[in-house]
Amino acid sequence: MTDTTTSQIIGRHRPTIAHINLAAIRHNIQAELQRAKPGTEMFAVIKANGYGHGLVEMARATLAAGATGLCVAILDEALVLREAGITAPILVLGVTPVTWAQIACEHNIALTVGDQQWLTDAAPMLTGQLRIHLALDTGMGRIGFQKPTELADGLTVLAQYPNKFNFEGIFTHFATADEADHRYFDHQVQRWQAMMAVVPRRPRYVHVSNTATSLWHEACNGNMIRFGVGIYGLNPSGGSLTSPYPLEPALRLTTRLAFVKRLAAGDSVSYGATYTARHDEWIGTLPIGYADGYPRRMQGFYVLVDGQRCEIVGRVCMDQLMVRLPREYPVDALVTLIGEDGAETITMQDIATYAGTIHYEIATNLNMRIQRVYEN
Ligand SMILES: *Cc1c(COP(=O)(O)O)cnc(C)c1O
């Protein structure tokens, strides 16, 4: 089922580590479940390697903390979870080509369906009953039924094949739930209600909330939330809106000085020689680079050594980067790229802001070459 011929290198003999605090994961999930309407279920969104935190590990941690199901983006992620022995409900959020619908069926994996044609095409190929969730496009403009009439046609096909489809869920996705201005959100709610009016029987799962919707909007009659980035303690708005409870970031990224040297004034560092020492100074080399997912454009940002900010000097290389140290430090001294050291903290958001992106991208880019260590 999974391809064992692909070499997936994990840096086990390199001191660059993503520490995942499982206590933070539990805290974030439980805080969210406590403020949700009674009876609301949580499906933990663990696509993209659990937002960089580890797919199977995040499945186990979130289910143990109270999630009752899991969401992934693609069928292969769901298959890896089943192979790992996870029996909880799993929903694939993206569109799966009809060709592979039978595989989902065999592994009891629910698929997202966004048009009538998919149902018509899949029905003859299925030997059993496939769990499906209908996606309604209320303004995200990505996937899903757009009009009540289209949805009604889809429901007709479902009714024609009661032995092929288990109509288990219906959902939508909001485009602006992380913004203070509610107008577009309210517009989507109206479209949601207009479409739900043609659904004669509500399926088991009705779900409209990603993390931002759950944190900042009254749910529109949903009974399940798709909680994603909040699991990992990251604020979906990037900080422009305040979370109703403190989210605890779960990931710390550390490494150790691999090489330390003294530069003379006038000496340069890294490709392009874009940094030249103005004084004699101490330079440390870190065993992490853009091939690990630490963005190349972080030149000029900083890391923490001994509780002090140390500037990243010269271009970030593929596997290494250099920092200016305030004094000589020994090889192996601890370096924090994300997390706390003394009075200083670097957040995933700080990196995202500097890199001109969102923390989702920073988290999901931290790849498997960085070993994960699970704590607490
Ligand atoms: C990724 C995704 C989520 C989770 O979003 P967060 O912002 O991480 O909470 C929820 N629903 C859908 C459809 C998604 O694609």
Side-chain angles (χ1 to χ4, degrees), residues 24-25 28-29 31-33 35-36 40-55 58-59 61-62 65 67-75 77-78 89-96 109-114 132-145 168-179 185 188 192 205-217 219-220 222-241 243-245 247-251 348-349 352 357-366:
I25 304 276
N28 296 327
I29 288 194
E32 182 61 23
L33 281 171
R35 56 180 285 286
T40 305
E41 287 189 53
M42 177 190 288
F43 273 34
V45 184
I46 56 169
K47 59 193 179 186
N49 194 29
Y51 292 45
H53 295 64
L55 179 68
M58 289 303 102
T62 56
T68 48
L70 303 168
C71 292
V72 292
I74 70 173
L75 180 56
E77 294 170 325
I90 302 176
L91 169 63
V92 176
L93 295 170
V95 175
T96 306
I109 293 163
L111 295 184
T112 290
V113 175
I132 60 133
H133 291 227
L134 296 183
L136 308 191
D137 183 0
T138 56
M140 177 68 185
R142 192 164 64 178
I143 57 172
F145 295 88
E168 180 187 75
I170 193 161
F171 73 101
T172 194
H173 192 57
F174 289 101
T176 61
D178 60 344
E179 294 176 12
F185 185 92
Q188 282 197 258
W192 164 256
Y205 298 110
V206 178
H207 47 110
V208 302
S209 298
N210 59 356
T211 302
T213 307
S214 192
L215 292 178
W216 297 304
H217 299 271
C220 337
N223 59 11
M224 181 265 264
I225 59 175
R226 304 184 304 271
F227 198 56
V229 82
I231 295 171
Y232 316 99
L234 301 172
N235 177 330
S237 75
S240 59
L241 299 178
S243 168
Y245 54 89
L247 288 163
E248 270 183 42
L251 186 146
M348 200 90 81
Q349 181 59 40
T357 181
I358 55 174
H359 53 55
Y360 289 80
E361 191 179 25
I362 303 297
T364 54
N365 275 351
L366 297 177

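Computed from a predicted structure; not experimentally measured. One-based numbering, in listed order, for ligands and for the atoms of each.
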How long is the gap from CD1 on Ile132 to CG on Leu134, to the nearest 0.5 Å? 4.5 Å
Would you say Glu32 and Leu215 make side-chain contact, with heavy atoms under 4.5 Å? yes
For Thr172 and Gln188, test the side chains for any donor-to-acceptor distance below 3.5 angstrom and give the result as yes or no. no
Straight-line distance of His217 NE2 to Phe174 CZ, nearest 0.5 Å: 8.0 Å
Is any side-chain heavy atom of Ile231 closer than 4.5 Å to a side-chain heavy atom of Ile25? yes
Using the side chain to side chain contact (heavy atoms under 4.5 Å, CB included) definition, which of the options Ile46, Asn49, Val45 pairs with Met58? Ile46
Compile the protein residues with any heavy atom at a distance under 4.0 Å from an atom of ligand 1; present them by chain, then by number. Val45, Lys47, Tyr51, Leu93, Arg142, His173, Asn210, Thr211, Arg226, Gly228, Val229, Tyr360
